[in-house]
Amino acid sequence: MAEHSFPPDFLFGAATAAYQIEGAVGEDGRGDSIWDVFCRQPGRIKDDQDATVACDHYRRWREDLALMRELGLTAYRFSISWPRILPDGEGTVNEAGLAHYEQFVDALLEAGITPYPTLCHWDLPQALESRYGGWRSKEVSRRFADYAGLVVGRLSDRVTTWATLNEIDNMTRRAYHRGASAPGLTLSRQVGAQTTHNAVLAHGLGVLAARAAAKRPVAMGLVEDPEVFWPVWESDEHVAATWMAYEASWFNRAKLLPIIEGRYRDEHLAAEGADAPEFTDDEMRIIGTPLDWLGLNCYRGQPVRAVPGGLGFNTMPIPAFDTGVTQISFTPLALYWMLRWVHRLAPELPLAITENGLGCSEGITTDGEVLDVNRKEVLRLNLECCARALAEHIPLRGYFAWSLLDNFEWGSGYSVRFGLVRVNYATQQRTVKLSGNYYREVIRARRVL
Ligand code: FCB
């Protein structure tokens, strides 16, 4: 393979999430999600913005699909809104919600774009929060499995590859312990660990339910964002120290490691003591259900060096460049070393980069162009990391840029833009940015330009 090139079946995609782009929160029978309620609480979101309209994608999806074609995407990662399918979180199915995604998926397929849906990208139905305490309860893990079976049962005649959940920590520890994500609670550290376990369990139950309900074989996975480290330079001692850093991370020990290994490591449980989650052996077997693929999100990573004594390693500041407005972390090697670490843990597992990109607040020129050279550079360097991983025979199946469109960036509202395509929120006009044009050329050439 020529340097920095991609095999013919490598997928070039972009990613979004339902809550961040769809808008139409009250339309066609959709119920409230915990994020709708969170957004209504003053002070939670920058400038008290909300996602009631967002990119109006629920109505404008045909236009957005045309943009995907224009960019030449071969895959698209999106999420299905649980409260659109089950407004009450469980029970009565909202046929209009299912019909929307059926229609959308059919159109993607017709355009030759492989759908990569995620079943829940943080937008838990509020009814399940009110009724059971959300992810604090294993009832909700079971409700997620019912929902996964329902949706996969319906769409598996046309969709093969599925992710259960996206970035578990943001729905659990950050939501129930740190208070920064919906529902915004600041409960104990143990609750943080328990909600994490319950969501990890929901993933396992969801995989089993989806496989049982599918009309034909499906590829089940999840999307995680491991805590990422990379060697300060690539000598044996710093690489060995990097592996230690990955496996000492609470973040990795609480989610990806148990999902891959089917157990919590003894040193993790010992370190957690009374804060460890309650779990059973049976649950761990379910959690360890073999995956068909794994999606990895990566935005940053810390450099690591070997040091004598102590833990044997330490982490250093993330290099950044100053754009005059924001300090942008500039860590393209992070993505490569994340792939190396996961591949080392699970050598057979097919991988995909399911999110990677750059958030900033670039403007538009008087000529109507968006010259997001920083984002374009981040894209280029990360694609080089993908090509390097492929050259080393890591089974990387695709790369999804975050994001197709500027969108509602959770607590940051609309102040941070991640899109390959700019959205003017006043007019809903879309403008392909420099980074989008660059990505289209890369896709066409199938090599890093
Ligand atoms: C990830 C989220 C995604 C988006 C990006 C910028 O953590 O999965 O929804 O907000 O960050």
Side-chain angles (χ1 to χ4, degrees), residues 13-23 33-36 38-39 44-46 49-51 54-55 57 76-82 116-124 135 162-175 178 180-182 184 196 199 203 221-228 251-252 255-256 294-301 318 326-331 334-335 338 352-362 372 374-375 378-379 382 399-423 425 433 435:
T16 60
Y19 195 68
Q20 293 177 274
I21 64 166
E22 283 184 354
S33 81
I34 53 175
W35 273 92
D36 296 299
F38 191 62
C39 289
R44 291 297 200 177
I45 311 293
K46 183 158 182 3
Q49 289 168 327
D50 64 41
C55 307
H57 169 81
Y76 178 57
R77 174 174 177 242
F78 60 102
S79 80
I80 293 180
S81 157
W82 184 349
Y116 262 63
T118 299
L119 288 161
C120 179
H121 193 126
W122 308 357
D123 49 355
L124 184 77
W135 292 109
W162 296 85
T164 50
L165 301 172
N166 174 79
E167 295 190 0
I168 286 171
D169 195 69
N170 278 295
M171 331 186 303
T172 57
R173 203 171 50 147
R174 196 160 182 269
R178 298 228 166 112
S181 276
T196 303
H203 153 75
L222 93 153
V223 170
E224 256 293 285
D225 57 331
E227 191 171 8
V228 174
F251 212 83
N252 300 340
K255 298 168 296 159
L256 207 47
L294 175 66
L296 296 163
N297 295 352
C298 182
Y299 292 93
R300 65 206 294 273
I318 298 178
T326 44
Q327 286 259 304
I328 293 177
S329 57
F330 189 68
T331 58
L335 183 136
M338 173 186 73
I353 298 297
T354 35
E355 286 183 28
N356 171 240
L358 178 70
C360 39
S361 49
E362 76 276 333
D372 56 338
N374 288 329
R375 183 174 296 104
V378 164
L379 213 57
N382 282 291
Y399 173 90
F400 294 81
W402 183 273
S403 177
L404 176 67
L405 303 169
D406 292 340
N407 59 48
F408 178 73
E409 179 50 27
W410 309 107
S412 306
Y414 298 97
S415 65
V416 183
R417 295 175 179 271
F418 274 92
L420 299 172
V421 176
R422 179 184 176 85
V423 176
Y425 295 108
K433 302 181 191 177
S435 58

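All ligand and atom numbering here is 1-based and tracks the order in the structure. Residues take their numbers from the sequence shown, with the count starting at 1.
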For this session: Just jot down the ligand 1 atoms closer than 4.0 angstrom to any heavy atom of Phe418, in number order.
Result: 6 (C)
Exercise. Distance-only, no hydrogens or angles: does the Asp406 side chain make a donor-acceptor pair with backbone N or O of Val423 under 3.5 Å?
Worked result: yes
Seminar exercise, completed: Counting from 1 in the order shown, the ligand 1 atoms closer than 4.0 Å to a non-hydrogen atom of Gln20 are 3 (C), 4 (C), 9 (O), 10 (O)
Exercise. Taking C-beta and beyond as the side chain, do His121 and Arg77 meet within less than 4.5 Å on heavy atoms?
Worked result: yes
Exercise. So which protein heavy atom does atom 7 (O) of ligand 1 come closest to, and at what separation?
Worked result: Glu167 OE1, 2.5 Å
Exercise. Can you find an N/O atom of Asn170 closer than 3.5 Å to an N/O atom of ligand 1?
Worked result: no
Problem set entry | With sequence neighbours excluded, residues passing side chain to side chain contact (heavy atoms under 4.5 Å, CB included) with Arg300 | Ile318, Ser329, Thr331
Exercise. Among all protein non-hydrogen atoms, which one is nearest to atom 5 (C) of ligand 1, and what is the separation to 0.1 Å?
Worked result: Tyr299 OH, 3.3 Å
Exercise. With atoms numbered from 1 as shown, which atoms in ligand 1 lie under 4.0 angstrom from a non-hydrogen atom of His121?
Worked result: 2 (C), 3 (C), 8 (O), 9 (O)
Exercise. When the aromatic ring centroids of Tyr76 and Tyr116 are compared, is their separation below 6.0 Å?
Worked result: no
Exercise. At what distance is the nearest protein heavy atom to atom 3 (C) of ligand 1, and which residue and atom is it?
Worked result: Glu355 OE1, 3.4 Å
For this session: Please list, chain by chain and in numerical order, all residues satisfying ring-ring contact (aromatic ring centres under 6.0 Å, His included) with Trp122, sequence neighbours excluded.
Result: Trp410
Exercise. Can you tell me which residue and heavy atom of the protein come closest to atom 10 (O) of ligand 1, and the distance to 0.1 Å?
Worked result: Glu409 OE1, 2.7 Å
Problem set entry | Donor-acceptor contact below 3.5 Å, side chain Ser79 vs main chain Ala18 | yes
Exercise. In this structure, which one of Lys433, Arg422, Arg417 forms a side chain to side chain donor-acceptor pair (under 3.5 Å) with Glu362?
Worked result: Lys433
Problem set entry | Close-contact set for ligand 1 against Asn166 heavy atoms, below 4.0 Å | 8 (O)
